[in-house]
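Chain naming here is simple, since letters A, B, ... match the order of the sequence lines and numbering starts at 1 in each.
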Number of protein chains: 2
Amino acid sequence: MIEHLGQLFKHLSCGVYVIGIRDGERQNAFTAAWVMQVSFNPPLLAISINPQHYSFKLMQTGGVCTVNVLSRDQYALAEHFGKPGLSDKMAGHRWQTAVTGAPVLAHSLAYFDCKVLHYADAGDHKIAVCEVVAGGKLNQGLPLLYALTGNMDGGDSFY
Amino acid sequence: MIEHLGQLFKHLSCGVYVIGIRDGERQNAFTAAWVMQVSFNPPLLAISINPQHYSFKLMQTGGVCTVNVLSRDQYALAEHFGKPGLSDKMAGHRWQTAVTGAPVLAHSLAYFDCKVLHYADAGDHKIAVCEVVAGGKLNQGLPLLYALTGNMDGGDSFY
């Protein structure tokens with residue numbers, strides 16, 4: 001039994017990202033904080049995601065995603081893309097299309113365009129191990145840090 | 001082909017940690033940046049580590065580790081525990097023993113005591129998926145961020 005485990009986990013630093021997903025004509029985007037580099041060669045990222053969510057199904061069938069880095073003045077975007085059940089979350093934002101076909105949030109700091117290689121079990125989440133096949137810097141600014149976003153409850157990626 | 005991929009990866013925010021390892025009488029500690037929470041229930045962490053290093057063998061055989069969070073004034077510790085091949089890296093620092101038996105760096109901000117559940121392939125690294133079985137806050141301060149440690153080359157965990 002560990003007291004204040006949620007508080008303890010806040011000592012682990014992480015950024016805040018919008019993950020873009022596409023499977024054919026269907027696309028979606030959601031906010032995540034549990035993202036990190038895991039390999040140099042090939043360049044790989046890991047994203048820990050909740051398999052109960054619609055976006056996970058799209059990722060499984062589409063096999064691609066983008067990781068879009070939010071800046072310190074984009075907390076409102078993190079909140080917006082973190083809301084579940086919106087009928088069209090993506091409307092009203094500027095999107096580009098990555099090499100893989102996944103949507104890129106044009107006003108993010110930078111993006112990584114990824115092919116999902118495989119999944120690993122991780123308790124109530126799944127770790128998607130993704131190869132970075134393209135990417136680029138889009139705008140100037142400093143990354144939003146999860147620890148700075150005190151209004152988010154839990155310390156999780158959220159969808 | 002992605003230009004400046006190393007620079008691009010620096011947009012992914014991460015902390016800096018000392019990982020403590022024990023297998024019976026053998027113990028070691030090394031610096032890592034590729035650490036994140038991956039599950040709420042059970043509470044799990046993922047650590048991406050280089051399987052070529054001695055510490056990985058100790059982790060495989062011992063099955064336990066601690067994740068010790070460095071503070072912003074502990075850059076020198078990150079450098080020290082990042083050096084390969086030191087005969088006794090751990091001497092001269094204060095250590096406690098976690099529930100699992102793994103060493104806890106007493107002057108870190110906080111620690112997580114972990115059992116390694118399984119490993120996932122991730123290119124030139126392996127992802128260790130670890131259950132947090134104990135932990136606690138040790139000292140006051142703000143976490144060291146990888147992006148602030150400009151002298152580290154590459155953007156990697158390092159051993």
> By a 4.5 Å heavy-atom criterion (distance strictly below it), what part of A/V38 contacts chain B: side chain, backbone, both, or neither?
Replying inline: both

> By a 4.5 Å heavy-atom criterion (distance strictly below it), what part of B/Y111 contacts chain A: side chain, backbone, both, or neither?
Replying inline: backbone

> In terms of hydrophobic clusters joined by side-chain contacts under 4.5 Å, are B/F112 and B/L109 together?
Replying inline: yes

> Can you hop from A/Y119 to A/V64 via hydrophobic side chains spaced under 4.5 Å?
Replying inline: no

> Between A/F40 and B/H125, what is the shortest heavy-atom contact and its length?
Replying inline: CD1-CE1, 4.3 Å

> If every non-hydrogen atom of A/A46 is compared with every non-hydrogen atom of B/I127, which pair is closest and at what distance?
Replying inline: CB-CD1, 4.3 Å

>> Heavy-atom pairs under 4.5 Å with chain B: which of A/A120, A/A122, A/G15 has the most?
In response: A/A122

> If you count the non-hydrogen atoms of other residues, nucleotides and ligands that lie under 6.0 Å from NZ in A/K57, is the total more than 12?
Replying inline: yes

> Do A/I19 and B/F9 share a hydrophobic cluster (ILVMFWY, side-chain heavy atoms under 4.5 Å, transitive)?
Replying inline: yes

> Should B/V104 and B/V116 be counted in the same cluster of Ile, Leu, Val, Met, Phe, Trp and Tyr side chains packed under 4.5 Å apart?
Replying inline: no

> Tell me, side chain or backbone of B/L12 under 4.5 Å from chain A's heavy atoms, or both, or neither?
Replying inline: both

> For the side chain of B/H4 and the backbone of A/K137, is there at least one donor-acceptor N/O pair under 3.5 Å apart?
Replying inline: no

> At their closest point, which heavy atom of A/Y17 faces which heavy atom of B/H11, and how far apart are they?
Replying inline: OH-O, 4.0 Å

> Nearest heavy-atom pair of A/S39 and B/G123: which atoms, and what distance?
Replying inline: OG-CA, 3.6 Å

> Just wondering, do A/V132 and B/L8 contact through their side chains at under 4.5 Å, heavy atoms?
Replying inline: no

>> Count I, L, V, M, F, W, Y as connected when their side-chain heavy atoms are under 4.5 Å apart, and connections chain through other members. Are B/Y54 and B/I47 then in the same cluster?
In response: yes

>> Looking at every heavy atom in both A/M36 and B/W34, which two are closest together, and how far apart are they?
In response: SD-C, 3.2 Å

> Measuring heavy-atom distances to chain A, does B/L45 have an atom under 4.5 Å in its side chain, in its backbone, in both, or in neither?
Replying inline: side chain

